[in-house]
Every structure is written in structure tokens, then in C-alpha cells.
Protein chains: 2
Amino acid sequence: MNIALDYQARVPIYEQIVGEIERLVALNILSPGEQIPAIRELALTLGVNPNTIKKAYDTLESRGVIISKSTKGTFITDDVSVVKKTLVDSIVSDINEKIERLENIGLDKKEISKRLKL
Amino acid sequence: MNIALDYQARVPIYEQIVGEIERLVALNILSPGEQIPAIRELALTLGVNPNTIKKAYDTLESRGVIISKSTKGTFITDDVSVVKKTLVDSIVSDINEKIERLENIGLDKKEISKRLKL
DNA sequence: TTAATTGTACTAGAACAAATAGTACAAGGA
DNA sequence: TCCTTGTACTATTTGTTCTAGTACAATTAA
């Protein structure tokens with residue numbers, strides 16, 4: 001798994017891992033049911049402590065992105081559509097918040113549209 | 001000055017203050033040349049330590065938003081247009097980054113447009 | 001002149017979250 | 001049996017933020 005970490009960022013390592021795996025799922029690079037690396041293995045790969053990966057996996061499991069099976073391994077959930085939808089929704093509402101901020105500052109919708117890559 | 005602080009947020013207090021003052025400048029609520037509260041005064045108002053305000057003011061000064069004059073007080077910079085422009089630019093590029101992410105996930109520009117409040 | 005207010009500049013410590021280190025257990029598979 | 005898996009726990013380290021406290025110089029107002 002190709003995961004880039006930024007140790008300078010304010011975002012905790014474990015959350016960066018969560019975000020990257022969610023991104024890989026949304027991009028279909030990780031497929032439903034697919035097994036992902038064991039905690040210890042990914043810890044070695046990324047050069048972080050296993051507990052950090054454990055925390056990331058716990059978060060992903062609570063969000064329904066992955067399923068951990070004792071002694072078997074960890075797998076991408078079977079129904080990925082919900083994960084994708086949630087992710088898209090959150091990005092869209094993020095953008096809309098920022099559009100609102102631009103309007104408050106005094107830009108009108110036309111000016112804003114002009115500057116967006118659409 | 002009406003500044004709302006969120007003590008639960010991951011964003012440090014001093015950065016929240018920086019952001020709020022930049023926002024008030026962009027909204028023309030704080031005008032060029034206008035004096036803003038003394039460090040100790042704002043610290044009392046917001047219920048934080050003066051050093052925290054000092055750090056926020058230092059950051060704002062390094063960004064050219066305010067000017068601190070020893071024994072005089074602290075003032076909004078005379079040329080506010082640069083501040084506004086920088087702020088707008090950063091929001092716009094933020095939005096464009098997210099649009100790109102949505103495209104990577106598989107939405108086309110039309111679908112994205114439909115969901116934006118424009 | 002005197003007192004109050006201003007920004008500035010330090011050091012020290014408290015508080016908190018993140019990450020590390022280490023150990024141990026139970027269960028499945030080769 | 002031995003290895004790998006996820007799980008669970010405690011203790012420690014680290015870095016950042018924030019607080020606490022003190023002091024100084026310069027301006028302003030009484």
C-alpha cells in the first residue's frame with residue numbers, strides 16, 4: 001500500500017492513514033473484500049509503531065470502511081458504496097462552506113464560478 | 001471585538017484568533033488603520049493568557065495584517081487589499097483542490113457543479 | 001513629575017494529545 | 001508445534017499549546 005505520511009502536518013499520523021485508506025477505497029485501488037496489510041506489517045512499512053496502525057484500523061472499522069477478523073486479518077468492507085458516498089458528501093459540504101465564506105467576503109457567485117476549475 | 005473561540009478544536013487558540021481577525025478585516029468590520037484592543041485587554045475579554053494574544057498578534061504582524069507600535073497600540077494595516085486577496089486566493093485554491101479530489105473519485109464536472117451552491 | 005498604559009521579551013512550568021515501547025493473550029493455519 | 005493474526009493493556013517519551021510570572025522602555029494623561 002502506497003501511503004504518504006507528513007510528519008510535520010498537524011493532522012495525527014493515524015488520521016492521515018485513515019484518510020489515505022479511505023481515499024484508496026474511493027479510487028477503487030482497494031476493492032471490496034480485499035485484505036489489507038497486517039497491523040505489524042504496515043507498521044514496519046511506514047516506520048511507525050504498531051499501536052498507531054491499530055488506532056487507525058480501529059477508526060476505520062468504526063466508520064465501516066474495514067473489518068478486522070481475529071487471527072484472519074483485516075479486510076475492506078463488502079459494501080463500499082456507503083463509504084464513497086460519505087466521503088463525497090463531506091467534500092461537497094466542505095466546498096459549499098467555503099463558497100459561502102467567499103460570498104461573505106463580497107464575491108458574487110459569478111466571480112466565484114470564474115475562478116473554479118469547472 | 002466579537003471573537004468566538006472553540007476550546008475543543010484542534011486548531012490552537014492563537015490561530016483561531018488570527019483567523020477571526022483576518023475574517024473581520026476581509027468583511028470590512030475592521031477597517032484600515034483602525035486600532036484593535038491592547039494585548040492585555042483582549043486577553044481579559046477572551047479569558048486567555050496575554051502571551052496567547054501576543055503570539056496571535058505576532059503572527060498577524062508577520063502576515064502584514066496588523067502593525068504593532070510600541071507604547072501606542074496595535075492597528076489594522078493601511079493597505080488591506082493584499083490581505084483580502086491572499087485570503088480569497090487561499091480559499092479558492094482550497095476549493096479547487098477538493099474539486100480535483102472529487103474528479104479523481106469519479107465525479108465529472110457536471111455532477112460536481114450540480115451539487116455546489118452556485 | 002507621576003502614574004497608567006502600551007508593546008516587548010524572557011523563563012519556567014502545566015496540561016494535553018500523539019506516538020512509542022514493551023508485554024501478553026487467544027485463535028487460526030501450515 | 002510454530003508462526004501469524006488481531007486484541008488489550010500499561011508506562012513512557014515527545015512536542016505543542018497555553019499559562020504564569022516578571023521585567024523593561026516609551027508614550028500618554030493627570
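Basis for what follows: all heavy atoms, side chains included, without hydrogens, waters or symmetry-related copies. Quantities reported herein were computed from a predicted structural model and do not represent experimental measurements.
Taking atom CG of B/Asp6 as the reference point, atom C1' of D/dT17 lies 15 Å away to the nearest angstrom. Straight-line distance from the CD atom of A/Gln35 to the P atom of D/dT4: 14 Å, rounded to whole Å. Atoms CG (A/Asn49) and C1' (D/dT7) sit 15 Å apart, rounded to a whole Å. Rounded to whole Å, atom P of C/dA4 lies 14 Å from atom CZ of B/Arg40. When the C1' atom of D/dG6 is taken as reference, atom OH of A/Tyr57 falls 11 Å away, rounded to whole Å. Distance, A/Leu44 CG to C/dT20 P: 12 Å, rounded to whole Å. Rounded to whole Å, atom P of C/dA21 lies 13 Å from atom CD1 of A/Ile13. Between the C1' atom of C/dA17 and the NZ atom of A/Lys55 lies a distance of 7 Å, rounded to the nearest Å.
Among the heavy atoms of the strands lying under 4.0 Å from B/Ser70 are primed sugar atoms or P, OP1, OP2 only; no base atom is included. Using a 4.0 Å heavy-atom cutoff across all strands shown, A/Tyr14 reaches sugar-phosphate atoms only and no base atom.
A sub-4.0 Å separation between OP1 or OP2 of C/dT20 and a side-chain N or O of A/Thr52 is present. Phosphate proximity of D/dT5 to A/Lys69: absent, as no side-chain N or O sits under 4.0 Å from OP1 or OP2. Residue A/Lys54 has a polar side-chain atom (N or O) positioned under 4.0 Å from OP1 or OP2 of D/dT7. Considering only side-chain N and O atoms, B/Thr74 lies under 4.0 angstrom from the phosphate OP1 or OP2 of C/dG7. A/Lys72 has no side-chain polar atom (N or O) that falls below the 4.0 Å cut-off from OP1 or OP2 of D/dG6. Taking 4.0 angstrom as the limit, B/Ser68 places a side-chain polar atom (N or O) nearer than this to OP1 or OP2 of C/dT8.
Nearest-nucleotide assignment on DNA chain C puts the 5′-proximal partner with B/Thr71, out of A/Val11 and B/Thr71.
Panel note: side chain A/Asn104, backbone B/Ala26; no donor-acceptor pair is recorded below 3.5 Å.
Donor-acceptor pairing under 3.5 Å is recorded for the side chains of A/Asp79 and A/Ser81.
Residue A/Pro37 comes nearest to A/Leu42 through the heavy atom pair CB-CB, 4.0 Å, listed as atom of the first residue, atom of the second, then distance. Closest approach of B/Leu87 and A/Arg101 over heavy atoms only: CD1-NH2, 4.3 Å.
Side chain A/Asn51 to base C/dG22: a donor-acceptor pair is found below 3.5 Å.
With C/dT20, D/dA26, C/dA18 as the candidates, the nucleotide lying closest to the side chain of A/Pro12 is C/dA18. Checking D/dT7, D/dC18, C/dT8 against the side-chain heavy atoms of A/Asp58 singles out D/dT7 as nearest.
Atom OG1 in B/Thr52 sits 7.5 Å away from atom CD1 in B/Ile13 (nearest 0.5 Å).
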